[in-house]
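One structure is given here, and the rest of the page talks about it.
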Amino acid sequence: MRHKVKVRMPIKKRGFLGIKKTVMETHTVEVDDKTYKKLQRDHKSQPYTIEEMMLYDDIFFDD
């Protein structure tokens, strides 16, 4: 079975005065079951970001 997954890929673009810069663009790709399950496992095991930690501190009043 095929799954559609949105991924962010670095793309080099020309900016002002022809200076190249790297920007992140979102693309939709199709992956198979094995790769999809691996992506799901990796996503669950990612650490919290700073913003998420601050949000949880505000919610649960941890000082």
Side-chain angles (χ1 to χ4, degrees):
M1 182 173 198
R2 308 293 279 174
H3 299 274
K4 290 187 178 181
V5 179
K6 290 186 179 182
V7 293
R8 293 179 54 108
M9 301 172 77
I11 305 293
K12 291 192 178 194
K13 288 190 170 187
R14 281 190 168 182
F16 185 67
L17 297 177
I19 298 170
K20 291 186 178 181
K21 61 181 179 178
T22 304
V23 296
M24 298 297 283
E25 286 187 356
T26 304
H27 293 277
T28 303
V29 295
E30 289 188 9
V31 295
D32 58 348
D33 277 336
K34 184 178 178 181
T35 309
Y36 182 74
K37 289 178 183 177
K38 182 179 181 282
L39 288 171
Q40 293 291 37
R41 263 186 278 125
D42 291 346
H43 182 69
K44 287 181 182 177
S45 65
Q46 286 183 348
Y48 293 124
T49 62
I50 300 294
E51 291 83 16
E52 289 175 327
M53 284 190 264
M54 292 174 64
L55 175 69
Y56 292 140
D57 283 345
D58 289 342
I59 291 173
F60 298 115
F61 302 109
D62 290 340
D63 290 325

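The residues of the chain are indexed from 1 along the displayed sequence.
Around atom NE2 of His27, more than 12 heavy atoms belonging to other residues, nucleotides or ligands sit under 6.0 Å away.
A donor atom on one side chain and an acceptor atom on the other are not found under 3.5 Å apart for Tyr56 and Glu52.
Between Glu51 and Leu55 there is no side-chain heavy-atom pair separated by less than 4.5 Å.
By the ring-ring contact (aromatic ring centres under 6.0 Å, His included) test, Phe16 is found to be paired with no residue, residues two or more places apart in sequence or in another chain being considered.
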With a cut-off of 3.5 Å and sequence neighbours excluded, list every side-chain donor-acceptor pair involving residues 2-15.
from	atom 1	to	atom 2	distance (Å)
His3	NE2	Asp33	OD1	2.6
Lys13	NZ	Glu25	OE2	2.7

Test log, rule side-chain contact (heavy atoms from CB on, under 4.5 Å), inputs Asp42 and Gln46
CA-CA 7 Å; Asp42 291 346; Gln46 286 183 348; 5.9 Å; no

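Asp57 CG to Met53 CE: the interatomic distance, rounded to the nearest 0.5 Å, is 8.5 Å.
Note on Leu39 and Met24: separate hydrophobic clusters, where clusters join Ile, Leu, Val, Met, Phe, Trp and Tyr whose side-chain heavy atoms are under 4.5 Å apart, directly or indirectly.
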